[in-house]
J.: 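So that we are looking at the same thing, I have put the structure below in structure tokens.
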Number of protein chains: 2
Amino acid sequence: MSLDKTKSDGTVGKALEILDLVASFGRPVRFSDVLDVAEFPKATVYRFIQTLTSQGMLSYDPDRQTYALGIRLVRLAHSAWQQSSLAPVAHPHIEKLARDVGETVHLAQLDHAQVLYVDKIDPGKPIEMFSQAGKVGPAYCTGVGKAMMAYLEAPHLAEVIGQQSFHVFTEFTLSDETALRAELVDIRSNGYGFDREEHEPDIICVALPILTARGRVLGALSVTSSTQRTSLAALEALVPRIQMAVTAIANEAESWRFPDQSKFQSIETAKG
Amino acid sequence: MSLDKTKSDGTVGKALEILDLVASFGRPVRFSDVLDVAEFPKATVYRFIQTLTSQGMLSYDPDRQTYALGIRLVRLAHSAWQQSSLAPVAHPHIEKLARDVGETVHLAQLDHAQVLYVDKIDPGKPIEMFSQAGKVGPAYCTGVGKAMMAYLEAPHLAEVIGQQSFHVFTEFTLSDETALRAELVDIRSNGYGFDREEHEPDIICVALPILTARGRVLGALSVTSSTQRTSLAALEALVPRIQMAVTAIANEAESWRFPDQSKFQSIETAKG
DNA sequence: AAACTAAGTTTCAAATAATGGAACCAAAAT
DNA sequence: ATTTTGGTTCCATTATTTGAAACTTAGTTT
């Protein structure tokens, strides 16, 4: 049926496609905005938007007649973040790490073929929020992305690599699969990798993968700085300290069990 | 079916119901956990979970054979938070407010019949994240909840009130519709309301609604403290200062337009 | 004011996808 | 070795989604 590889999981998949579409605008949109970029007929897009709005996945601003992503997503993301075996467990560790090394620390996971930052601590500006967590970036030219890819199983890796754009951001960007694969072998043999101004000029980082005992990739941790402030060699010197945090996180993440709370709050709470 | 509110928006609504179900556990769940509480037959629940997982709305932990909310939600929530006309605009104001008054400030919106906290600043502990934003609470016994309800249109208010549980948390909890409606009239005449230990013992707050020029409820702002630290009268004295923030936020939220970025990042970024 | 146009909403038969009882499989428990 | 439990697949039936087109505003133009 679906000619392309877009394995649209039925109706639900299509609805989520609309949701992503709205997200991709990065601003509230008019019905026709969505219609223009959607590949479904008018009535279909209309009904999906209606459904999503009624479900709180989209919100409608009657004054401006625009749709935006709904707050139900914020609620769900709160749960997602909490439920994740990685982020809540890692938070105290990366906070401490950030203070110790005095540089920005990122915690990332792989979301399809992209890097998704699930936490960030910048010792400089203490208060950050959703503005940082939830951000996505390219995998092939970030420290965390490469660190994670280096430890993927061959078939999964192939899939992920296939989805990289290899857009050239700087003169140091790895611009093809061959270069990337070579780099990954390197990272794997060292246990850590760098971002050598591959994504943004002057920005460099060291990154380590976070793995389960069985070797499955949970995420990655990076310490980021700039060429003005420090050097790759100096960052490399931090590896043992970062490794400490990584090990602690990996151990805790694996042994972590949720407290036995059989009496949970149902979502129908408000109905009582 | 049963209760009136079950306006299950077709397949998509059902899928999202499953998603909420998973969220409600507050921990990773086994397939059978979901099956037990879901009101759909086995095969249906199974396929929904498959679809949601393949879509990244759920994540599957192969080691533990459990499902949890997926990281795609975190990515979407990031966009939701950014796109919201309220939260990003309000953030600097509530940060300043929190510093000025030296107490915890909450920014909340109404999510169906519940209060959803979209931001929180605690001058004491600077770093908080998803751990706070995204939290939900009851509307009928929180300052922000009542402040928002006080300014809803009659039909909408009736609907929201109908969904309140009126669970008695403390001896001060408003325990029925009559008491609540009386309180709302009061709040409306003052322009602000309190939480008089109605939700948690010792915890008190003042809350003001954030309204558009046309009077539509955008959200609410509250300053929270405890009976040990301060009194209702002292909190009331802060109203003018809070009102400043509210007015600033309301104005900015209404005049806010997203920068004209016709060349937006498509979700297909990774495919280039 | 009438005529056009654009944006949003509703209709309804046809096409398609969801449903769910039952069978199946695998692994654990007896 | 046999039963139970938890998870996955099948497939005929059923119900939902689909989408062209008609319709309704609201906003412009003549």
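To find a chain, count down the sequence lines: A is the first, B the second, and so on, and within it residues start at 1.
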J.: To check you understand the geometry: which heavy-atom pair defines the closest contact between M148(A) and A220(A), and what is its length?
T.: CG-CB, 3.6 Å
J.: Under 3.5 Å, which N/O atoms of the protein pair with N/O atoms of nucleotides 9-15 of chain C?
T.:
from	atom 1	to	atom 2	distance (Å)
dT9(C)	O5'	Y46(A)	OH	3.0

J.: Under the side-chain hydrogen bond (donor to acceptor under 3.5 Å, both in side chains) definition, can you give me all pairs with a residue in residues 150-159 of chain A, not counting sequence neighbours?
T.: none
J.: Rounded to the nearest angstrom, tell me the gap between atom CD in Q65(A) and atom C1' in dG8(C).
T.: 9 Å
J.: Rounded to the nearest Å, what distance is computed from the CD atom of residue E17(A) to the P atom of nucleotide dT18(D)?
T.: 11 Å
J.: With a 4.0 Å cutoff (strictly under), does any side-chain N or O of S32(A) reach OP1 or OP2 of dA6(C)?
T.: no
J.: Is T44(B) close enough to dA18(C) that one of its side-chain N or O atoms is under 4.0 Å from OP1 or OP2 there?
T.: no
J.: Whether the side chain of W81(A) engages the backbone of V74(B) through a donor-acceptor N/O pair (distance < 3.5 Å, no angle test) should be reported.
T.: no
J.: For the side chain of D33(A) and the backbone of R30(A), is there at least one donor-acceptor N/O pair under 3.5 Å apart?
T.: yes
J.: If we count only N and O atoms by modelled type, under 3.5 Å, do the side chains of Q243(A) and T247(A) hold a donor and an acceptor together?
T.: yes
J.: Could you give the NZ-to-P distance, from K14(B) to dA15(D), as a whole number of Å?
T.: 11 Å
J.: Atom CZ of F40(A) to atom C1' of dA20(D): distance rounded to whole Å?
T.: 17 Å
J.: Applying salt bridge (charged side-chain N to carboxylate O under 4.0 Å, His left out), can you list everything that pairs with R181(A), at least two apart in sequence or on another chain?
T.: E177(A)
J.: Using the C1' atoms of five pairs at each end, what's the angle between the two axes of the helix from dA1(C)-dT30(D) to dT30(C)-dA1(D), to 10 degrees?
T.: 30°
J.: With sequence neighbours excluded, what pairs up with T51(B) under the side-chain contact (heavy atoms from CB on, under 4.5 Å) test?
T.: D9(A), V12(A), Q55(B)
J.: Mind checking side-chain contact (heavy atoms from CB on, under 4.5 Å) for D36(B) and listing every partner two or more places apart, or none if nothing turns up?
T.: none
J.: Of the nucleotides dG20(C), dA17(C), dA7(C), which one has an atom closest to the side chain of P41(B)?
T.: dG20(C)
J.: If I take atom CG in residue L52(A) and atom P in nucleotide dT17(D), what distance separates them, rounded to the nearest angstrom?
T.: 12 Å
J.: Any sub-3.5 Å donor-acceptor pair from Q164(A)'s side-chain atoms to Y140(A)'s backbone N or O?
T.: yes
